[in-house]
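The structure under discussion appears below in the form of structure tokens.
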Amino acid sequence: MGSQLLSWRSPKTEVRQSPIHGRGLFAAAAFKKDEIVCVKGGHIITREQLHDVNTRLGPVEIQISDELFIAPVTDDEREGAMLYSNHSCDANLGMRGSIMFVAIRPIAAGEELTHDWCVTDDDTYRVECQCGSPKCRRIVTGKDWQRADLQQQYRGYFSSYLAAKF
Ligand SMILES: C[S@@+](CC[C@H](N)C(=O)[O-])C[C@H]1O[C@@H](n2cnc3c(N)ncnc32)[C@H](O)[C@@H]1O
Ligand SMILES: [Zn+2]
């Protein structure tokens with residue numbers, strides 16, 4: 001019995017090795033601005049449950065509210081729930097609602113599909129970024145959503161729970 005596909009990735013996407021990190025999501029064909037690229041599925045879990053999920057499955061979640069996350073919870077579910085979108089400080093994906101990733105500008109075939117963690121995360125981490133963009137912030141933090149420049153750069157594309165804060 002195969003694992004269920006909890007997330008949806010457009011048939012115009014492909015997963016392959018990324019220069020940013022591990023595997024990444026790539027456009028196999030062009031996307032128009034605001035076209036849906038992928039949708040995150042999984043179980044709705046609390047921060048406490050997330051700790052256990054991250055220990056077993058690694059980083060597999062998307063934050064959808066201050067205390068809630070959506071993620072696979074078993075090994076079997078992992079592959080079908082992963083979107084493989086890496087972080088970029090000059091991302092081409094943003095959020096519509098809480099789980100839907102859309103193109104924030106026209107995207108050409110071959111481009112890596114990335115989102116900026118500032119549009120989904122409200123957390124306490126500090127991570128050294130490997131995105132390689134000229135706009136790279138070098139250190140990405142879980143509070144970047146509070147930055148006025150990023151609120152401007154990704155205006156209209158923040159996860160709903162974050163957009164409600166500013
Ligand atoms: C959900 S995974 C993305 C898919 C991942 N590349 C893979 O092969 O499974 C998120 C993880 O990818 C890594 N990552 C993604 N973007 C990154 C970036 N810009 N800089 C450094 N690490 C990144 C981090 O380890 C992060 O926890
Ligand atoms: Zn960066």
Side-chain angles (χ1 to χ4, degrees), residues 3-10 12-28 31 36-45 47 49-65 68-95 98-105 107 110-154 157-159 162:
S3 64
Q4 211 185 335
L5 290 179
L6 295 171
S7 293
W8 181 84
R9 294 184 222 123
S10 163
K12 292 196 290 180
T13 65
E14 61 188 18
V15 174
R16 57 180 160 88
Q17 210 59 31
S18 160
I20 301 177
H21 177 271
R23 283 186 286 170
L25 187 66
F26 290 81
F31 286 92
I36 299 170
V37 172
C38 54
V39 183
K40 182 72 175 181
H43 299 265
I44 310 303
I45 60 172
R47 195 177 287 277
Q49 290 169 305
L50 178 66
H51 181 73
D52 165 60
V53 166
N54 285 155
T55 304
R56 289 184 294 106
L57 304 182
V60 291
E61 79 285 358
I62 297 290
Q63 187 168 6
I64 58 168
S65 83
L68 295 175
F69 301 80
I70 182 162
V73 300
T74 65
D75 248 335
D76 216 31
E77 290 170 346
R78 189 180 191 280
E79 181 61 26
M82 286 291 283
L83 295 177
Y84 291 104
S85 165
N86 283 320
H87 161 89
S88 171
C89 299
D90 191 12
N92 50 19
L93 303 183
M95 306 306 294
S98 307
I99 61 169
M100 209 179 284
F101 291 74
V102 300
I104 66 179
R105 56 166 173 76
I107 298 172
E111 283 190 60
E112 180 163 357
L113 298 160
T114 56
H115 71 286
D116 191 315
W117 291 335
C118 78
V119 302
T120 50
D121 296 4
D122 183 11
D123 205 338
T124 53
Y125 63 76
R126 287 175 68 81
V127 174
E128 230 176 275
C129 185
Q130 305 289 344
C131 81
S133 150
K135 281 191 181 172
C136 184
R137 307 195 285 280
R138 312 291 171 204
I139 301 291
V140 171
T141 85
K143 297 292 176 196
D144 284 355
W145 67 269
Q146 295 175 337
R147 288 173 52 151
D149 58 336
L150 297 177
Q151 290 182 2
Q152 181 59 32
Q153 183 176 340
Y154 297 113
Y157 292 104
F158 281 84
S159 185
L162 287 175

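The first residue of the sequence shown is numbered 1, and numbering continues consecutively from there. Bear in mind that the values here come from a model prediction, so they are computed numbers and not experimental data. Atoms within a ligand are numbered from 1 in the order they appear, just like the ligands themselves.
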Does only the side chain of Glu128 get under 4.0 Å from ligand 1, or the backbone, or both, or neither? Count heavy atoms.
backbone
Nearest to atom 18 (C) of ligand 1, what protein heavy atom do you find, and at what distance?
Ile20 CG2, 3.6 Å
Pro59, Ala91, Cys136: member with heavy atom nearest to atom 2 (S) of ligand 1
Pro59
Only heavy atoms of Met82, strictly under 4.0 Å: list the atoms of ligand 1 that pass.
9 (O)
Show which atoms of ligand 1 fall inside a sub-4.0 Å distance from at least one heavy-atom site of Cys129.
19 (N), 20 (N)
Please determine whether any non-hydrogen atom of Gly24 lies less than 4.0 Å from an atom of ligand 1.
no
Tell me: protein heavy atom nearest atom 20 (N) of ligand 1, and distance?
Gln130 N, 2.9 Å
Are the side chain of Tyr154 and the backbone of Ala91 linked by a donor-acceptor contact shorter than 3.5 Å?
yes
Side chain of Ser7, backbone of Gly41: donor and acceptor closer than 3.5 Å?
yes
Distance-only polar pair, side chains of Asp122 and Gln63, donor-acceptor under 3.5 Å
no
Look at the side chain of Asn92 and the backbone N and O of Glu112, then say whether any donor-acceptor pair between them is shorter than 3.5 Å.
yes
What do you get for the angle at the Zn ion (ligand 2) between SG on Cys136 and SG on Cys131, to the nearest 10 degrees?
100°
Quick one about Thr141 and Asp144 (side-chain donor to acceptor, distance below 3.5 Å, no hydrogens or angles considered), yes or no?
yes
Can Gln49 and His43 be counted as having a side-chain donor-acceptor contact under 3.5 angstrom?
no
Hey, does Ser18 sit under 4.0 Å from ligand 1 if you only count heavy atoms?
no
Contact region, Trp117 to ligand 1, non-hydrogen atoms below 4.0 Å, reads side chain
With side chain to side chain contact (heavy atoms under 4.5 Å, CB included) as the test, pick out the partner of Cys38 among Val102, Thr13, Ile99, Leu25.
Leu25
Quick check: does Ser85 get an N/O under 3.5 Å from an N/O on ligand 1?
no
Is it the case that the side chain of Lys40 and the backbone of Ala81 share a donor-acceptor pair, with hydrogens and angles ignored and the cut-off at 3.5 Å?
yes
Which residue from Glu61, Gln17, His21 reaches closest to atom 25 (O) of ligand 1 through any of its heavy atoms?
His21
Among Asp116, Asn86, Leu83, which one has a heavy atom closest to atom 15 (C) of ligand 1?
Asn86
Is the shortest N/O to N/O distance between His87 and ligand 1 below 3.5 Å?
yes
Pair Arg137 + Asp149: basic N to acidic O under 4.0 Å:
no
Where the Zn ion (ligand 2) is the centre, what is the SG-to-SG angle for Cys129 and Cys89, rounded to 10°?
110°
Would you check whether Arg23 has a nitrogen or oxygen atom less than 3.5 angstrom from a nitrogen or oxygen atom of ligand 1?
yes
Separation between CD1 (Ile20) and NE2 (His87), nearest 0.5 Å, reads 8.0 Å
